[in-house]
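First comes the structure, then the notes that go with it.
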Amino acid sequence: MRFSKAFIPTLKEVPADAQVASHVFMVRGGYIRKVAAGIYNFLPLGWRVIKRIEDIVREEMDRADAQEILMPASIPAELWQETGRWKKYGPELLRFKDRKGADFCFGPTHEEVVVDLVRRETKSYRELPLNLYQIQGKFRDEMRPRAGLMRGREFIMKDAYSFDVDVEAAAISYKKMYEAYKRIFKRCGLDFRPVEADSGAIGGSQSHEFQVLAESGEDSIVACDTCEYAANVEEAEHRAPKQPGIMGEGELETVDTPGTKTIAEVSEFLKVAPTQLIKSLVYVADDKPVMVLLRGDRSLNEVALKKITGATELFLARDGQVKKAIGVKPGFAGPVGVSIPVYADVELKGATGAIVGANEKDKHLRNVDLARDVKVTEFLCLRAAEEGDGCARCEGHYKSYRGIEVGHVFSLGTVYSEPMGCTFLDEGGKSKTMVMGCYGIGITRIAASAIEQNHDESGIIWPMSIAPYEVTVLPLQVKDDDVVAAAEKLYSELQDLGVEVLLDDRKERPGAKFKDADLIGIPLRIAVGKRTLGEGKLELKWRRDAEASNIDLDGAAEAIAALISSEKQALRAR
RNA sequence: CGGGGCGUAGCGCAGUCUGGUAGCGCACCUGGUUUGGGACCAGGGAGUCGGAGGUUCGAAUCCUCUCGCCCCGACCA
């Protein structure tokens, strides 16, 4: 492609609504333009990146025996009513009516449609396993779209659905997808971790998120420094401590703590560390109040509490509900003498000398001995994991990271196949329900996360595998015939070798071309200038490196093509 | 959905408090000089001041309503 003919509107200034690197550079580099909140145009460069990512995903999905189909974006409400999601899915589901007034939605995910397809066409165990996938625009009316392509409302997703005869077979399908995902993200040049995720209310047996490690990520994850264990902090288990988290001595006493409602205020007022306090939280689990005890500086792992209580709906109690349950508003709530179930974090087992709310306005209790003074229903691992905690699986310790979720694999069991009657006949002629899995990849989010992970102050640094072009050729003096001729020759030779090349033939000064090249982030840059041309050389620079080097003009195209293909091989082999 | 902020030329912003000819930088067009890290000079085109209503002799500016966008939070197969 010739830059002079290309639709690549680059910007010098940072758009006011962009905060994160991927958003800033994709707008400045002429990759995307906003149409509405969370909805974007993909310009030629942006679309080339998406297509390259899609190609990698297709290759690996096909290799894992999945078959590509395309389902509609518009889905009739009847299908969603069958599974009850028409009611359950909130305002995030974009609903609309056709001219006859029939309800439709713009599919945010396609379980219903694919199950409907498979239940009609697949009748025998001989046809299973079956794995169908599509790459398609999805719409989710997010409350708060943000950060460009990182969290959009309309976005491109690869979604796959597996159908198996039983749980064991489904586990094999799951594993195949898990392995395919690892290959996909590696080939995209991403530094990622598969992490254990909440399989929660949906009921499946397992679930993994694929998280790209990046400071700007929305998710918090912990990963063991010794073994392979990594998990979303919403979900992470951790090793119980050997010693109680709070120790002290003294007589149980009531102290006045006027107006101190938060942990910080109480610790400030009593001149003790927050670690000497016990945080008493009242939650409502399916309409029943429960109390949770944590050390003052910890936070709750809500998923763990959900599992323990078996509740499908769980939320922090409002002031009035707390008052009703234990007779005092939050701020002075405590576990001594309450009649609702009390779940304490294991860290508090054997705790003495703790400070808790007195269940009386403006009063706290000091020197509480949990064993002596509190009726604890159960000690459990309840707090959210933090950096430095002991690993649940080995003797290692956790490091914490921020992550961007680019993929999610999920075993669904029969959650959809059961209500929709997706069955088959087994060898004995008996009707059975298919066991499913679903597997998503955020195609557009991969593009954003690749930039989050690979950029500097000047712009993007694309991995070779997903870059819009593999090499850019810059003729530096457009009025010098020798320079132009050499650049044109190299350009056509590279094209003949099948290299994706962008020739910056614009009548710009060298500085402007360098700046745009850095911004756009094509991994290899060849500068054709009269300085080096006189010695029969071209200047070659990797976008990721600070220094350039010279290569011979003779055979340059072949040498460049070889560099590109070995770079791509390296990503595959990683 | 709660809190905060912003809508003025394609982009970034000033002007709004204190009503009185709509501005600056970048980008764009023309001409000239420049040419290895976003050149310079001269000239030029471009804005229903988000929208509707109101107050006023007069509204970008004051009032009411509304729409859009951004940030924080809550939420999120």
Side-chain angles (χ1 to χ4, degrees), chain A residues 9-20 23-24 27-28 30 33-39 80 83 85 88-93 107-112 114 138 140-148 151-153 157 159-161 197-204 207-209 218-219 232 234 302-303 313-316 318 405 407-413 415-416 436-442 457-459 474-480 483-484 504 506-520 525-534 538-539 541 546 548 550:
Chain A
T10 60
L11 262 32
K12 276 191 202 173
E13 282 177 290
V14 180
D17 54 4
Q19 314 291 324
V20 301
H23 190 191
V24 169
V27 173
R28 282 194 56 208
R33 286 293 186 265
K34 184 166 72 181
V35 176
I39 300 176
W80 278 61
T83 56
R85 286 165 106 192
K88 259 193 287 180
Y89 226 92
E92 204 177 276
L93 184 64
T109 175
H110 280 69
E111 283 81 3
E112 283 83 357
V114 77
K138 293 272 192 285
R140 292 180 191 178
D141 203 351
E142 292 276 349
M143 292 184 196
R144 186 145 98 80
R146 69 189 94 172
R151 180 176 281 261
R153 293 148 91 200
M157 182 171 171
D159 47 327
Y161 306 89
D198 181 16
S199 51
I202 205 86
S207 170
H208 286 87
E209 289 169 350
E218 293 187 280
D219 295 329
N232 199 307
E234 286 171 11
E302 286 196 12
V303 172
E313 238 194 350
L314 180 81
F315 56 90
L316 195 61
R318 289 155 178 274
E405 183 188 349
H408 201 153
V409 293
F410 217 105
S411 58
L412 287 176
V415 178
Y416 294 93
M436 292 178 59
C438 73
Y439 317 93
I441 288 182
E457 324 74 58
S458 306
L474 313 187
L476 297 180
Q477 295 85 23
V478 285
K479 289 197 177 148
D480 184 312
V483 167
V484 171
D504 193 348
R506 294 175 301 169
K507 305 210 173 344
E508 290 288 342
R509 295 154 59 93
K513 294 187 180 186
F514 288 136
K515 288 289 184 188
D516 271 343
D518 286 349
L519 175 61
I520 289 168
R525 184 187 87 189
I526 308 297
V528 184
K530 54 187 170 190
R531 262 188 216 166
T532 54
L533 209 54
L538 297 172
E539 181 193 271
K541 182 177 169 298
N550 288 342

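Chain identifiers are assigned alphabetically (A, B, ...) following the order of the sequence lines, protein sequences preceding nucleic acid strands; residue numbering begins at 1 within each chain.
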P gap between B:C24 and B:G37, integer Å: 31 Å
When all nucleic acid strands are considered with a 4.0 Å heavy-atom cut-off, which category describes A:Asp159: base, sugar-phosphate, or nothing? nothing
Test of understanding: with side chain to side chain donor-acceptor pair (under 3.5 Å), list the residues that count as partners of A:Lys515, not counting sequence neighbours. none
Can A:Asn550 and A:Thr532 be counted as having a side-chain donor-acceptor contact under 3.5 angstrom? no
Given the P atoms of B:U16 and B:C63, what is the spacing between them in whole Å? 14 Å
For B:A52, the nucleotide meeting Watson-Crick or G-U wobble distances (both under 3.5 Å) is B:U64
Ranking B:G37, B:G36, B:C70 by distance to the side chain of A:Lys515, first place goes to B:G37
Starting at CZ of A:Arg144 and ending at P of B:G2, how long is that distance when rounded to a whole Å? 15 Å
Using purine N1 to pyrimidine N3 plus N6-O4 or O6-N4 for Watson-Crick, or N1-O2 and O6-N3 for G-U wobble, each under 3.5 Å, what pairs with B:C26? B:G10
Pairing partner of B:A46 (Watson-Crick or G-U wobble, both distances under 3.5 Å): none
With A:Leu474 as reference, evaluate A:Arg506, A:Lys513, A:Lys541 under the side chain to side chain contact (heavy atoms under 4.5 Å, CB included) test and give the passing residue. A:Lys513
When we call it a touch if two heavy atoms are under 4.0 Å apart, what does A:Arg33 touch: a base, just sugar-phosphate, or nothing? nothing
Rounded to whole angstroms, how far apart are NZ on A:Lys513 and C1' on B:G37? 13 Å
Counting heavy atoms from C-beta on, name the nucleotide in B:C75, B:G37, B:U35 closest to the side chain of A:Arg146. B:C75
Rounded to whole Å, how long is the line connecting atom CZ of A:Arg531 with atom P of B:U35? 12 Å
Is A:Thr532 touching bases, backbone alone, or none of the nucleic acid, heavy atoms closer than 4.0 Å? base
Can you find a donor-acceptor pair, distance only, under 3.5 Å between A:Glu508 side chain and B:G38 base? no
Applying a 4.0 Å non-hydrogen cut-off, can you work out what A:Arg85 is touching in the nucleic acid: base, sugar-phosphate, or nothing? nothing
Contact nearer the 5' end of RNA chain B, comparing A:Leu11 with A:Cys438: A:Leu11
Below the 4.0 Å mark, does B:G12 have OP1 or OP2 next to a side-chain nitrogen or oxygen of A:Lys12? no
Looking only at atom C1', what distance separates B:G15 and B:C6, rounded to whole Å? 16 Å
Nearest-Å distance, NZ (A:Lys34) to C1' (B:G50)? 13 Å
Using 0.5 Å steps for rounding, measure from the CD atom of A:Gln477 to the CZ atom of A:Arg531. 8.5 Å
Check ring pair (Phe, Tyr, Trp, His ring centres under 6.0 Å) between A:Tyr89 and all other residues, then give those that pass, not counting sequence neighbours. A:Trp80
When you measure only distances, ignoring hydrogens and angles, does the side chain of A:Arg525 come within 3.5 Å of the base of B:G36 through a donor and an acceptor? no
Salt-bridge present (A:Glu539, A:Arg525; N to O < 4.0 Å): yes
Searching all strands shown, indicate the nucleotide that pairs with B:G31 (Watson-Crick or G-U wobble; both distances under 3.5 Å). B:C41
Nearest-Å distance for atom pair CZ/C1', residues A:Arg151 and B:C69: 18 Å
My understanding is that a pair needs two contacts under 3.5 Å, Watson-Crick or G-U wobble. By that rule, which nucleotide pairs with B:A59? none
Using a heavy-atom cut-off of under 4.0 Å over every strand shown, decide if A:Lys479 touches base, sugar-phosphate, or nothing. base
Could you check how far CD of A:Glu13 sits from P of B:A9, rounded to whole Å? 14 Å
Any base atoms under 4.0 Å from A:Gln19, or only sugar-phosphate, or nothing? Heavy atoms, all strands. sugar-phosphate
Rounded to whole Å, the CD-C1' distance (A:Glu142 to B:C71) equals 16 Å
Mind listing the closest non-hydrogen atom pair of A:Glu111 and A:Cys438 along with its distance? OE2-SG, 3.7 Å
When you get a sec, tell me which of B:C71, B:U35, B:G38 is the closest nucleotide to the side chain of A:Arg509? B:U35
Using purine N1 to pyrimidine N3 plus N6-O4 or O6-N4 for Watson-Crick, or N1-O2 and O6-N3 for G-U wobble, both under 3.5 Å, which nucleotide pairs with B:U18? none
Establish whether the base of B:G12 is bridged to the side chain of A:Arg28 by a donor-acceptor pair shorter than 3.5 Å. no
For A:Val14, answer base if it contacts any base atom (sugar-phosphate contacts may also be present), sugar-phosphate if it contacts only those atoms, and nothing otherwise; contact means non-hydrogen atoms under 4.0 Å. sugar-phosphate
Rounded interatomic separation in angstrom, taking CG from A:Asp516 and P from B:A27: 12 Å
B:C1 pairs with which nucleotide, Watson-Crick or G-U wobble, both distances below 3.5 Å? B:G73
